[in-house]
Amino acid sequence: MTDPRALVGELAGDDRVLLVGVRHHSPVLAAAVPALLEAFAPETVLVELPAEMQPWVRWLADPGTTAPVALAADALVFYPFADFSPELAALRWAQRNGVPVICCDLPLTDPAWESGREGASGPSLGAVVRTALTGRDDDDLWDRLIEAGAPGSTPEAVRRAALAAGWALRHNTVVDPLDLRREGWMRGHITRTPGRVAVVVGAFHAPALLSGPVPDDAAATRPEPVISLVPYTFDLLDARSGYPAGIRDPRWQQAVHDCDADPARIRAAAGAFAVEVTRELRAQGHPAGPGEAAEVTRLAADLAGMRTLPAPGRGELVEALQTVLAQGSPAGAGRGVARAMETVLIGRQRGRLPAGAPVTGLRPAVERELTRLKLPGPGRPAQRLRLDPLRSPTDRARDLAIRRLTACGIPYATPGTAGPAVGGESLTSTWRLEWTPGTDAALALAGLHGVTLARAAEGMLTTRRHRETRAGGPTPDQSLTGLEAAASCAATALTHTRLTDLRRSVCRTGTITQLVTALHLLTRLDKGHFPHLAPAAFGTAVAEARADLHAAAVAAVAGTAGSTRVEDARALYDLVRAADEAGLLLRLGHAIRALTRDGSPLIRGAAAAVGVLTGHEQPGAFGERLASWVTLPDTAATDRLRGALSVAGALLQSGDEILTPLLTTIDNLPDDDFVRRLPALRGGFDALTPADRDRLLATVTDRHGPLDEHLPTDAATLATWLAADRAGLAALTALALPPTTDHPHPTPAAPSPSAPSLTGPSPTALPSTITAEQRWRLLLGRESDQLPARQRRLATALDELYGAGHGEGAWTAGGGGGQDAAYPQVRDWLDELEALFGADVRDEVLARAAEHGRLDAVLAADPERVRPSIDLLHAVLSLAGGLPEARLARLRPLVARLTAELTAQLARRIRPALTGLGTSRPTLRPTGRLDLAATVRRNLHTVRADAAGRPQLVPERPVFRTPGRRSVDWQVILLVDVSGSMEQSTIWAALTASIVAGVPALRTHFVTFSTEVIDLTDRVTDPLSLLLEIRVGGGTHIAAALRYARQIALVPSRTLVITISDFEEGFPLGGLLTATRALTDDGITLLGCTSLDDRGAPRYSTGTAAQLAAAGMPVAALSPTELARWIGDQVR
Amino acid sequence: MTAVRQIDPPEHLHAEELTFLAAADDGRRPPGWRLTPRAVVTFVCGSGGAPVPGPGGSRVIDAKFVGERALVERCVVTLAGERGLLLVGEPGTAKSMLSELLAAAICGTSALAVQGTAGTSEDQLRYGWNYALLLAKGPSAESLVPSPILTAMTTGAVARVEEITRCLPEVQDALVSIMSERRITVPELAGQDGAVGYAVPGFCLIATANLRDRGVSEMSAALKRRFNFEVVPPIADFDAEVALVTRQATAAVERGGATFAVDEDVLAILVTAFRDLRTGQSAEGWEVERPSSVMSTAEAVAVAASIGLAAAYLPGPDPLSLLPGHLLGVARKDDPADAARLLAYWDGALRRRAEAGSRSWRQLWEHRDVLRD
């Protein structure tokens, strides 16, 4: 075993060759290099750059060049240079002193490069040795040994330490064949160059350069590469930006270099950085001042002292900043500190090339590429193109180039209008291509990111991801678009990263829709629909991501419980099917059962149907359940049927078991019951497509046998039979016999109060006139033209609302003909509805009409006659959003009446929870107001007789009274999400707010938010104008609302912030968590309401809610009464 | 001879090491400190197996705290600057132990501690009165009952406040003036000796806070600014955690006189399950639904000890079969959904491992019915 000291001494002590082993970014070495060269006075300087870069050395070292700049050769090698690059320091010294420079690395034309490895410095020092010197994982051997230890040492000592570090790294490492060949080539240069030479190379290579074989001349087999010199920036230079050969915190490195590695000046610089970070933090609104800055400086210096370092290094500064400023909360203050540190320590410095330097980089590369692909270049006319990348290799290359240009944000290709095929993805694409002046400008910008199109695209996409990460993202949406862009640009590495992002973001906080989109995207990846990516390239990554998505989907199922949207029911089905494939049914059964139990009616229906499809429930049981819904109250029946049928429409035609109970129930309904339930049931069956309805009708007809259109005998005989029957019935009715129970169709002799009362001969006066087939025609809204006249009236009245259905077979609609002309006046329709179905049903149909956007119907309704219900108010307000003031005025009486009634009802319920907020209570905390009676009671056991025999009480535990709160008011801030649509929660919130505003001890703020935050506090006492003032729509930005709440909170400890939202945040989750932490850190009490209504079944993003709860905002579904009680509890 | 204690305070347990280290390093010490800062770090983190030379021959110092050395270095430097140190972290991450060790090493006692609860009053942080004496003799230094913090101030020692976030905010804020002015005024004693208790050099404060208690009583920004925060993470290294669990569970079982006879394999599985559920990510990188309850190393030790005790006193079934029930007991504390999450873990990560062919994981998977409701 040879002594390492001796070996390093040998390396460093050569008389003719001055070996400077460097890391490509090393401030202390860069500061030492000029002194070293000055002392050695070499005749030639050799640097580790490929021979092809020789002509560029003069531009690199030119005094007009401002670092950072980067030298690149195609996509092969990439060398960023900053002031703290030792090579650049050496080149500049040589330029100043007129010493010739030789680029001594292996020419890029050499076949050895074929083995293709990125970077040029051998294995990066950091990657090889993640040393345990301090146990921090972002700090490597080089940082510890050289950068932190060197300040204050002589240049020669630094050089020796660096050589020793290089030797240590190389020791026991298997060296790449390419590196061996390059080292041989460099040895050749060293031997051939006469006189004293200084060699500036990577420390890893240095030990191999003095002795060893010298190879023959290179066999130039590879094409001559195109070299480019481009300006660079500090934020790209930072290792976290994802660019190769970067370094962490360039601005700190620059500062160390500018200090000439003098310990005292570095300490001062650390202090300056600490001050800058605290200033940045203050600008963000976090408390941080000179006191903290001083403590950071002290801590960093003392840490360095304890670790026997001459001056604090980057590691010590970062540790000190985090310890003093981050306050142990990575989500709250910590995030702000991280952002401030990035701003201050990375910096924004940009490089510049001297005047006269040749133009290189992306633009020439793109022009060459376009010419090769026969696509229009500059000055050529626009061209339209249809590409079929999956079939033709040329098209594949063109498609790739176009997508990369698009990813770089370069205006060149516009996607064609040939839309995608219905119900699938299109595999071909059409484009309009044209080179415009804008293309030139955008190319110059994109050129910063790489000198070939592939690199620039990958670079742009990486930067975009970096930006998203810095903003706290990527959000689920961003990672979905990012993955698609990366995959279509064939950026394999980035696609991998994006897959990881996808797993992280979408799995944690994605909504059901995003989860489905993600699964779809993964399928495309798997099936090779991205022509430039081999599906095999991802190995198990896609399968794993899919498994994670499935797991997340199962967890997200609970969040759909309160949904009233058919899309969610369908998404539920999609997810369940996907989970079935993934074998997650065990856990899923749990969730589905919970949904059938606790969900909203719609979701219950859907969950029950899904249960059958996945085998959790017997079809027979489902059939019974389906049948039982028919007799439920109106809306409950409608929604359950809609949910079940939107998922399992096809199920009805297949299973006899499922259908039979439903058919029997429908058949056995008495006529007037059937008519009364008809509108609700028709609404349920509305979920089926017309084609499905036809098939169902066929099934029903099959069961009952074909409808006989021919009379069994001649008309006259039949009329006689009928007359005889009626006469018999009349005789029986006259006897007033009690009705028999086994009669299949009870006579409508005792019509219900809401029974229709038509003038003229009433068809319903006839017994059981609606046959099973006719009932189904009415329910399904098909073949109405074959119905008898009286029933056609029913059908037409309902068709007016529901139309003929959507989806498959919708084109057959309108067979009945003349629907538009059925009711010339809306009022006629409403009257007809009332006449046919009764007033109750009319109101309900009215609410549905409002949901369907039938404003005319709502306007025609008489405010005094409708029954106030939150559903109706909800429907009407959903319409009101888009109305001009003139028409709104006509709607106002209706809304006013509904609001007033509902507010009065609600107030009766929640006032009791809020009374008596001002009384004071006993407490043990000294407040200054002694509660004498309680004190005596509590301390009776201390009574002693004093000398005179009088009893004396020793008040060991005095009791005080809390100050009366009547004077001290609390702030209640309601933040209401109005992003999606007008939700019932919004209405309840407004009503509740108006009642809470009436409590003297509370000051109530009502703030709506989407992407904009609107404070409606001035209207809070008047629920009518509050409700009419709300404008729905836009994205969801909860963080902005929380920040606003923080601004208007006066006394944090007496402030309640209640957020009512589905928590589907459209902005980075990080920002939301930071805002939440900021509020809880202030001492504000937070509550999240996923829904505020009487049902208690919310629809929300479970992932986000869980994260918020962890950050200090408990999330629950509450009724208005519970909310009021909670407020009362907090305030008391 | 003192009676046998269930838990010996560190200053007694490691008395010899402390004396040795005090003699071994004669470097500069901050005022009032018994050891040099570097010796404190060595005491807490151990000397890494290398013997430390000292006056009576050299000696290997054992590691007492399993964790990052840089973290301990920062803690020590913070205290050397006489600034408050706040250790935060998930429950069961040995925050209190770390604070005891630091206090014992710096001033020789870890006894000056206040336990924070919702009932903690200002008296316990500042001073109280012996009411009988107060009534009999009026306010005097004699009838004053100093708090541990006042004692630490006047003697230049380290005071500890456990679970500071559980104190009510107005009580916490009593610390603000103590930490900035470094004195406690006793207005009742105005004009007498001891009317102002001044902090002598060496006084500093270590507080611990629990991340899961967040929102119970949030600290005010003014108080936060007076502390340096250190987050004590759960043990990062798998092997270290298994070793710790084995050691502590063995000690707990052997204290009762039984022998700890649980297979190492079972312990490794136990620790893996705890780590998966704690981090929300399995060792293989698969997503795991996190239960809301605490799944710390301390809980893992408790479960391991229970299994060990069951094996010692009630020998019978395979110890692995006890694991699902114990895990359910740990996970299902307040949120009923946690049971479902545990089930999801069984159906997700655990099933995949079982399918991958590991025998013990397959055995564990077969005990799934324990979790069904």
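Chain naming here is simple, since letters A, B, ... match the order of the sequence lines and numbering starts at 1 in each.
- The local environment of CZ in A/R957 is sparse, with at most 12 non-hydrogen atoms from other residues, nucleotides or ligands closer than 6.0 Å.
- To the nearest 0.5 angstrom, A/T942 atom OG1 is 11.5 Å from B/Y131 atom OH.
- Contact of B/R225 with chain A is made through backbone and side chain together, with heavy-atom distances under 4.5 Å.
- Nearest heavy-atom pair, B/R38 versus A/G305, reported as atom, atom and distance to 0.1 Å: NH2-O, 3.7 Å.
- Among A/E956, A/Q952, A/E295, A/Q322, the residue with the largest count of heavy-atom pairs under 4.5 Å with chain B is A/E295.
- A/L299 CG to B/T78 OG1: the interatomic distance, rounded to the nearest 0.5 Å, is 4.5 Å.
- The minimum heavy-atom distance linking A/M306 with B/P37 is given by the pair CE-CB, 3.3 Å.
- For the pair A/R298/B/V77, a side-chain contact is recorded, criterion being any heavy-atom separation below 4.5 Å from C-beta on.
- The parts of A/P955 that come within reach of chain B are both its backbone and its side chain, each placing non-hydrogen atoms under 4.5 angstrom from that chain.
- In this structure, the portion of B/V41 lying under 4.5 Å from any heavy atom of chain A is its side chain and not its backbone.
- Heavy-atom pairs under 4.5 Å with chain A peak, among B/V232, B/L85, B/N228, at B/N228.
- With rounding to the nearest 0.5 angstrom, the CZ atom of B/F227 is 14.5 Å from the OG1 atom of A/T323.
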